[in-house]
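Presented below is the structure to which this report refers.
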There are 2 protein chains.
Amino acid sequence: MLNYSTSEENYIKAIYHLQQQDGNVTTNELAAELKAKPASITDMMKKLKAKKLLHYEPYQGFSLSNEGKKVALGIIRRHRLWEFFLAEKLKFTWDEVHEVAEHLEHVSSKKLIDKLDEFLGFPRVDPHGDPIPDQDGKIETSRQVCLLDLPFNKSAVVSHVSDQSTEILELLKHKNIVIGTKLEVKKKFSFDNSMEVKAGRQPVFTISEQLAKNIFVKYGA
Amino acid sequence: MLNYSTSEENYIKAIYHLQQQDGNVTTNELAAELKAKPASITDMMKKLKAKKLLHYEPYQGFSLSNEGKKVALGIIRRHRLWEFFLAEKLKFTWDEVHEVAEHLEHVSSKKLIDKLDEFLGFPRVDPHGDPIPDQDGKIETSRQVCLLDLPFNKSAVVSHVSDQSTEILELLKHKNIVIGTKLEVKKKFSFDNSMEVKAGRQPVFTISEQLAKNIFVKYGA
DNA sequence: ATAATAATTTAGATTTGTCTAAAAATATTT
DNA sequence: AAATATTTTTAGACAAATCTAAATTATTAT
Ligand SMILES: [Mn+2]
Ligand SMILES: [Mn+2]
Ligand SMILES: [Mn+2]
Ligand SMILES: [Mn+2]
């Protein structure tokens with residue numbers, strides 16, 4: 001596996017995430033994601049196409065090739081392992097890990113990452129509940145569902161939070177919700193889509209639509 | 001404290017190390033150290049001078065300003081803490097740590113490094129016995145002496161090895177010498193400057209001039 | 001089917017970091 | 001003190017990554 005520049009890696013990773021939704025990614029989408037100008041995106045797409053990391057025809061959008069996906073999963077592996085390290089070992093809070101991991105992910109020594117993985121005890125998910133790819137780039141596609149869609153009285157475990165801001169962390173902390181918290185939906189109100197939720201033996205409490213939208217859960221655990 | 005590019009940091013660190021010997025550093029010296037062409041050095045010296053990180057007059061060589069030294073010590077702190085982490089926590093061997101630390105040192109989050117320091121238990125020296133600067137850039141200037149100059153029957157502790165190659169590590173491993181090993185010089189031979197040394201309760205063994213040149217020791221411990 | 005609008009690409013410029021080759025300054029040798 | 005050799009700097013080029021402004025292509029609305 002060749003080595004890619006920090007810039008190339010950031011582009012590849014961003015495309016990977018965007019194409020999880022739509023399949024095909026557009027110039028403007030990627031420009032927005034990377035806070036770059038569309039012209040810069042086109043330039044880089046030509047380079048990545050030449051390196052066979054993606055499929056791209058002018059005006060047609062683009063998507064990663066198999067090789068490109070493999071590269072992306074390598075970067076994501078490094079990113080999430082470092083996030084886990086920062087949270088678990090260095091006691092970073094949840095909202096602090098991402099920015100630092102954004103830099104650490106580009107140190108691409110395979111030995112470093114595999115030994116780090118071992119040192120951490122081969123964690124399966126990062127502090128946001130996102131699965132960590134293994135050495136071969138295999139990644140758990142966990143069957144998770146948005147809290148908004150969880151049926152009443154079905155016990156489920158918080159597995160992922162989409163938003164990674166300090167603000168959502170503050171709110172989740174206040175409500176005692178972390179990755180792994182067991183929840184049941186007790187009531188939903190169609191007026192504002194708010195819901196009442198029970199977690200462990202805490203008294204029932206209310207969650208707004210905006211918050212529920214960002215919480216994902218897994219059944220049975 | 002501003003942020004500097006990876007390139008700038010590598011230059012600053014190299015100057016710091018070179019000026020430990022001579023005080024003043026020349027263009028060719030630095031070019032050799034960094035495996036770059038002299039013209040590239042001159043270019044960068046102009047930039048670093050403009051940023052007030054060094055004293056430089058054309059044809060006169062250069063040396064770090066106080067600000068430059070502070071920056072250098074920050075880089076060295078990061079480098080050596082990562083080396084310690086790699087050796088201690090990830091079980092890297094001695095000769096493997098340097099290359100990876102060469103990249104990790106450029107991730108310059110103060111919080112990351114201070115928390116790493118704490119996590120590691122505030123180590124004082126890296127795996128090569130080099131002192132690790134503290135948060136304020138304070139660094140232990142250990143009174144160490146080359147094994148070549150250690151008087152007979154004076155007990156001393158190995159505190160530093162200059163060479164960091166796999167080859168010297170192999171030899172030191174064979175002779176059971178690590179940082180912290182207690183030694184006494186028993187005999188020296190002027191023919192080849194080899195010496196006989198006693199370490200702990202091992203039988204006396206021989207060390208070549210080339211090896212002794214790279215071993216530094218501290219008295220009394 | 002045009003016309004207007006939006007998205008994308010191209011052309012050309014800029015910054016950073018590097019290089020080669022030539023010129024200039026300094027140091028060494030005769 | 002000249003001549004020679006070495007060191008250092010300058011001039012000009014190049015690749016990577018970005019940008020702005022203009023041109024082109026595609027989409028949407030009339
Ligand atoms: Mn990144
Ligand atoms: Mn994450
Ligand atoms: Mn480095
Ligand atoms: Mn070291």
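Proteins come first, then strands; the chains are lettered A, B, ... in the order of their sequence lines, and each starts at number 1.
What separates NZ of B/Lys51 from P of C/dT15 is a distance of 13 Å, to the nearest Å. Rounded to whole Å, the distance from CD on B/Glu9 to C1' on C/dT16 is 15 Å. Across the protein-nucleic acid pair, B/Phe62 atom CZ and D/dT9 atom C1' stand 12 Å apart, rounded to whole Å. Distance, A/Met45 CE to C/dT8 C1': 13 Å, rounded to whole Å. Atom-to-atom, CD of A/Glu57 to C1' of D/dA26 comes out at 16 Å; the value is rounded to the nearest Å. Between the CG atom of A/Leu34 and the P atom of D/dT18 there is a distance of 9 Å, rounded to whole Å. Atoms CG (A/Asn10) and C1' (D/dA16) sit 15 Å apart, rounded to a whole Å. Atom NZ of B/Lys35 and atom C1' of C/dT18 are 17 Å apart (whole Å).
A/Pro38 comes within 4.0 angstrom of a base, heavy atoms only. Across all strands, B/Tyr11 comes closer than 4.0 Å only to sugar-phosphate atoms, never to a base (heavy-atom distances). Residue contacts for B/Thr27: at a heavy-atom cut-off of 4.0 Å it reaches the sugar-phosphate backbone alone, with no base atom in range.
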Which pairs of donor and acceptor atoms, one on a side chain in residues 52-60 of chain A, lie under 3.5 Å apart (sequence neighbours left out)?
from    : atom 1 : to      : atom 2 : distance (Å)
A/Glu57 : OE2    : A/Lys49 : NZ     : 3.1

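Each of A/Asp43 and A/Gln60 has a nearest nucleotide on DNA chain D; the 5'-most of these lies closest to A/Asp43.
At the phosphate of C/dT9, OP1 or OP2 sits under 4.0 Å from a side-chain N or O atom of A/Thr42. Considering only side-chain N and O atoms, B/Lys46 lies under 4.0 angstrom from the phosphate OP1 or OP2 of D/dT10.
In this structure, B/Val185 and B/Leu147 have side chains that are in contact, with non-hydrogen atoms separated by less than 4.5 Å.
Looking at the side chain of A/Ala39, the nearest of the listed nucleotides C/dT10, D/dT18, C/dC19 is C/dT10. With D/dT8, C/dT20, C/dT18 as the choices, the nucleotide that has an atom nearest any side-chain atom of B/Tyr59 turns out to be D/dT8. The side chain of B/Asn28 lies closest to D/dT7 when the candidates are C/dT18, D/dT7, C/dT8. Among the nucleotides D/dC19, C/dT18, C/dT9, the one closest to any side-chain atom of A/Tyr56 is C/dT9. Here the nucleotide nearest the side chain of A/Lys37, chosen from D/dT20, C/dT9, D/dT18, is D/dT20. Closest to the B/Ser7 side chain, of the nucleotides C/dT18, C/dT8, D/dT8, is C/dT18.
Side-chain contact check for B/His79 and B/His98: at least one donor-acceptor pair (N or O, by modelled atom type) lies under 3.5 Å. The closest side-chain donor-acceptor pair between A/Asn10 and A/His106 falls under 3.5 angstrom.
A/Asp95 is linked by a side chain to side chain contact (heavy atoms under 4.5 Å, CB included) to A/Thr93, A/Thr166, A/Leu169, counting only residues two or more places apart in sequence or in another chain.
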